[in-house]
A.B. asks: 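Sharing a structure, written as structure tokens. Questions coming.
Proteins come first, then strands; the chains are lettered A, B, ... in the order of their sequence lines, and each starts at number 1.
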Protein chains: 2
Amino acid sequence: MPTHPQKPLIIKTGVQFTTKVRLLVKLPEVDYQLKVKTTFDNFENTLGASFSLLRSRQFFILTNNTKVMDIEDYSNGCLSVEFRHLQLKEKKYTNGTKGNEAVFVLLGSSCFCSPMLHNVFLQTCSLPLVVISNVSQLPGGWASVMWYNLLTDEPRNLGFFGNPTRASWSQLSEMLSWQFSTFAGRGLNKEQLDMLGEKLLGQLVSCGDYQVSWSKFAKENIPGKPFSFWMWLDSILELIKKHLLPVWNENYIMGFVSKEMERALLKDREPGTFLLRFSESHLGGITFTWVEHSDSGDVKFNSVEPYTKNRLSALPFADIIRDYKVISNGGVPENPLKFLYPDIPKDEAFGRLYNSQPSKGKMLTSDPIALSLSDSSRSEASTTPRSCPSPEPPMTPGEFDMLSEHLCFDIDTVSFLF
Amino acid sequence: MPTHPQKPLIIKTGVQFTTKVRLLVKLPEVDYQLKVKTTFDNFENTLGASFSLLRSRQFFILTNNTKVMDIEDYSNGCLSVEFRHLQLKEKKYTNGTKGNEAVFVLLGSSCFCSPMLHNVFLQTCSLPLVVISNVSQLPGGWASVMWYNLLTDEPRNLGFFGNPTRASWSQLSEMLSWQFSTFAGRGLNKEQLDMLGEKLLGQLVSCGDYQVSWSKFAKENIPGKPFSFWMWLDSILELIKKHLLPVWNENYIMGFVSKEMERALLKDREPGTFLLRFSESHLGGITFTWVEHSDSGDVKFNSVEPYTKNRLSALPFADIIRDYKVISNGGVPENPLKFLYPDIPKDEAFGRLYNSQPSKGKMLTSDPIALSLSDSSRSEASTTPRSCPSPEPPMTPGEFDMLSEHLCFDIDTVSFLF
DNA sequence: ACAGTTTCCCGTAAATGC
DNA sequence: TGCATTTACGGGAAACTG
């Protein structure tokens with residue numbers, strides 16, 4: 001199990017993780033033990049080649065990394081060893097090049113069989129994974145995992161990020177929707193994806209499918225903003241996961257709407273109609289915009305400053321909507337939010353989601369009154385037996401091949417689907 | 001320097017600290033080096049005794065703990081070595097007894113002199129200190145440091161907490177006031193201390209001086225509350241440090257007033273007169289109570305639920321006072337807080353302390369409206385030379401004694417005054 | 001079982017490295 | 001010098017351990 005249970009294949013240095021090595025074939029009942037060692041593969045090329053180059057960044061396993069595969073460790077019909085409390089640390093004396101956080105590396109494992117299988121060397125490896133040193137790198141690391149799995153079928157394409165291939169918008173948008181359905185319980189509809197596509201690619205999306213670069217997706221900042229497209233999207237995903245889950249799952253958050261579209265949708269609606277959208281200017285923010293008619297009959301739009309995780313952890317979003325008040329010139333506070341777009345009465349939509357006491361009767365506002373008018377794994381077995389001269393070969397070549405092909409190394413029991 | 005710069009003599013395991021060993025005498029210019037080693041003293045009795053017992057809890061220094069005292073390290077006219085990045089860890093294989101967090105222990109240091117002073121052994125030690133494993137133990141640890149320093153002049157009374165002596169209320173109250181003046185910039189006045197004394201001791205305080213036990217001060221819970229007296233007081237100190245410093249320093253927080261006293265003070269005052277007091281039921285909370293007259297002419301007292309660090313970090317306290325509104329039956333919100341007790345107009349008192357925009361004109365309340373009607377070193381040198389048979393004594397006995405008496409060990413440059 | 005302690009690790013801030 | 005990355009550690013919560 002990697003450090004973040006929800007995000008496999010990402011390991012943070014200094015934080016414990018778990019891995020399991022399995023022998024996929026049922027062996028004849030012989031009385032021997034397998035000594036298994038888990039190591040971090042610091043070499044550039046594939047396993048089993050006759051020579052290798054050390055990578056520019058190297059890691060090692062700090063903790064106990066050898067275990068004996070016990071006959072009693074049968075689980076699901078195969079021999080396995082689980083390594084717990086493994087911890088990764090970077091080697092500090094490597095040549096100066098500090099790579100980016102998207103470096104893909106391999107966790108390898110080797111088996112020595114004794115006494116009967118003595119001198120037979122077996123090796124397997126995990127899927128490529130990302131090493132980070134701080135949770136602040138988790139979004140970037142996850143972007144790498146997604147991009148890799150979207151564009152490579154090879155289980156061990158370690159040079160992938162040297163020249164990452166592009167993704168078509170149809171591929172990418174499907175994956176983005178998948179992220180929302182996996183982590184937030186509800187995916188993205190066509191309108192939401194269209195807005196995202198336009199944000200990422202401009203009007204190009206509408207003119208057929210388009211190729212998106214890795215850089216545009218996760219490295220370059222959105223023009224005029226201090227964050228990349230994925231950083232922005234991930235901040236919203238996190239906001240939903242932590243503070244908006246029920247509202248999101250009820251499909252009450254339109255979320256991804258441009259301000260132009262927002263106005264177009266609201267302008268012909270009943271006064272007091274509102275919709276919820278994510279902030280495009282700040283990371284992890286959600287606002288509401290409502291329509292009203294001024295005395296002269298003009299249509300007016302009002303928005304509130306985005307609510308971020310800090311404000312939402314003080315009061316759940318549904319309660320904010322219920323308790324939101326505008327103090328009109330008459331001095332009487334009133335809630336301007338009447339209908340969730342297109343025309344659902346507010347309490348009908350949010351009623352079940354209210355948490356704390358509603359405000360009524362004599363009330364004390366113990367909180368500020370602000371002036372604000374505008375919105376400012378798939379499991380993969382890979383083995384590479386090395387032929388070593390064995391003085392007394394304990395198995396036939398056929399038996400050996402079979403054994404080699406069924407030694408499996410999972411970094412997590414959770415499968416990883418893309 | 002210990003882990004918490006403001007609270008010396010408390011070291012948290014796994015967190016870096018700094019210490020300095022100084023040779024207080026100016027040595028004749030000889031060409032030798034002193035190798036100094038810092039260790040954690042895990043023995044029961046004083047330095048230099050012929051035998052010792054291991055303590056039930058033992059710690060050791062994880063990191064590099066030897067350094068050579070260089071001739072060039074002269075600072076303030078004496079030889080010194082500074083140890084940085086020291087880290088403490090508990091020995092895990094000791095006998096089962098887990099002691100409490102108030103264990104006092106010693107950091108020791110020994111010097112080997114070579115080549116001229118070869119075979120001469122010198123040793124010094126720090127003041128007693130407290131080891132904790134989590135910042136949640138900091139208040140308890142600090143209570144120990146205070147109690148020790150209040151009641152012992154001995155620099156190394158390690159058995160003190162086996163049977164801690166009592167403190168007189170006059171001693172203790174002086175120290176409590178000192179804590180507030182040190183950490184919050186303003187001490188406690190007689191009325192505040194009287195309230196604290198009564199809380200701790202009942203009416204006994206008024207009948208002359210009284211002895212307070214260590215247990216009553218920091219171990220036993222306040223009757224009916226899930227926290228001790230010091231836990232409660234420290235939570236308030238922390239609240240002031242983080243969120244109330246300017247208001248506290250302007251002396252606008254009466255703070256320590258019983259509810260009875262509060263009512264007695266307010267009842268004859270102008271309606272809208274209010275005062276600020278700390279919550280006695282919750283840790284780290286502050287409320288305000290104001291007086292008003294009901295239609296029938298009765299005096300009424302209203303309080304708000306205590307503000308805690310979470311709410312105060314959303315909006316500073318002065319702004320809360322400015323923006324606080326009661327929505328009367330007429331529906332018009334109004335601020336009931338008019339005069340800070342005894343009769344200071346609110347804005348006159350808090351005007352300078354307001355931070356954000358005041359609320360006026362058309363206002364949006366983006367925050368909840370709650371229904372709430374009631375308050376529901378000194379530097380110490382200690383050396384114990386051991387006489388070792390030296391084949392070629394490089395110094396006269398007099399010189400040696402002088403050297404021994406002037407080897408000093410500070411755990412911090414910050415002096416510690418009680 | 002429970003209560004006092006410790007461990008774990010996120011998330012912010014500061015330090016470091018290139 | 002500035003940005004990318006790591007380290008430091010407070011703080012909340014889970015895990016531990018007698």
A.B. asks: Describe, in one word, how the ring planes of B/W142 and B/F183 are oriented to each other, choosing from parallel (under 30°), tilted (30 to 60°) and perpendicular (over 60°).
C.D. replies: perpendicular
A.B. asks: Establish, from distance only, whether the side-chain atoms of A/S215 and A/E220 form a donor-acceptor pair under 3.5 Å.
C.D. replies: yes
A.B. asks: If the threshold is 4.0 Å, N to carboxylate O, is there a salt bridge linking A/K225 and A/E280?
C.D. replies: no
A.B. asks: Of all residues at least two apart in sequence or in a different chain, which pass the side chain to side chain donor-acceptor pair (under 3.5 Å) check with A/E238?
C.D. replies: A/K241
A.B. asks: For A/W214 and A/W147, take the angle between the two ring planes, folded into 0 to 90°, and tell me which bin it lands in: parallel under 30, tilted 30 to 60, perpendicular over 60.
C.D. replies: tilted
A.B. asks: Could you tell me how far apart A/K241 (NZ) and C/dC10 (P) are, to the nearest whole angstrom?
C.D. replies: 12 Å
A.B. asks: Between the side chains of B/D319 and B/R311, is the shortest nitrogen-to-carboxylate-oxygen separation below 4.0 Å, so that they form an ion pair?
C.D. replies: no
A.B. asks: Rounding to an integer number of Å, can you tell me how far A/F17 CZ sits from C/dC9 C1'?
C.D. replies: 16 Å
A.B. asks: Rounded off to whole Å, could you give me the CD-to-P distance for the B/Q87 and C/dT7 pair?
C.D. replies: 12 Å
A.B. asks: According to a 3.5 Å limit on both distances, what stems of 3 or more consecutive Watson-Crick or G-U pairs are formed with DNA chain C?
C.D. replies: C:3-18 with D:2-17
A.B. asks: Could you state the CG-C1' distance from B/L62 to D/dC9, rounded to the nearest angstrom?
C.D. replies: 16 Å
A.B. asks: Between B/S133 and B/H85, which is nearer to the 5' end of DNA chain C once each is assigned its nearest nucleotide?
C.D. replies: B/S133
A.B. asks: What's the CD1-P distance between B/I132 and C/dT7, to the nearest Å?
C.D. replies: 13 Å
A.B. asks: Tabulated below should be each protein N or O lying under 3.5 Å from an N or O of nucleotides 11-13 of chain D; please produce it.
C.D. replies:
residue, atom, partner, partner atom, Å
D/dG11, OP1, B/K242, NZ, 3.4
D/dG12, O6, B/N134, ND2, 2.6
D/dA13, N6, B/N134, ND2, 3.4

A.B. asks: Could you tell me how far apart B/E90 (CD) and C/dT7 (C1') are, to the nearest whole angstrom?
C.D. replies: 12 Å
A.B. asks: So does A/Q16 get a side-chain nitrogen or oxygen closer than 4.0 Å to the phosphate oxygens (OP1/OP2) of C/dT7?
C.D. replies: no
A.B. asks: Is a donor on one side and an acceptor on the other found under 3.5 Å between the side chain of A/W230 and the backbone of A/P139?
C.D. replies: yes
A.B. asks: Using atom CE of B/M231 as one end and atom P of C/dA3 as the other, report the distance to the nearest whole Å.
C.D. replies: 16 Å
A.B. asks: Can you tell me which nucleotide in C/dC9, D/dT6, C/dT5 comes closest to the side chain of B/Q137?
C.D. replies: C/dT5
A.B. asks: Looking at A/A184 and A/L237, what are the two nearest heavy atoms and their distance?
C.D. replies: CB-CD1, 4.3 Å
A.B. asks: Tell me yes or no: between the side chains of A/N134 and A/S136, is some donor less than 3.5 Å from an acceptor?
C.D. replies: yes
A.B. asks: What is the distance from CG of A/L138 to P of D/dA4, rounded to the nearest Å?
C.D. replies: 18 Å
A.B. asks: Can you see if the side chain of A/R57 gets near the phosphate of D/dT6 - specifically, an N or O under 4.0 Å from OP1 or OP2?
C.D. replies: yes
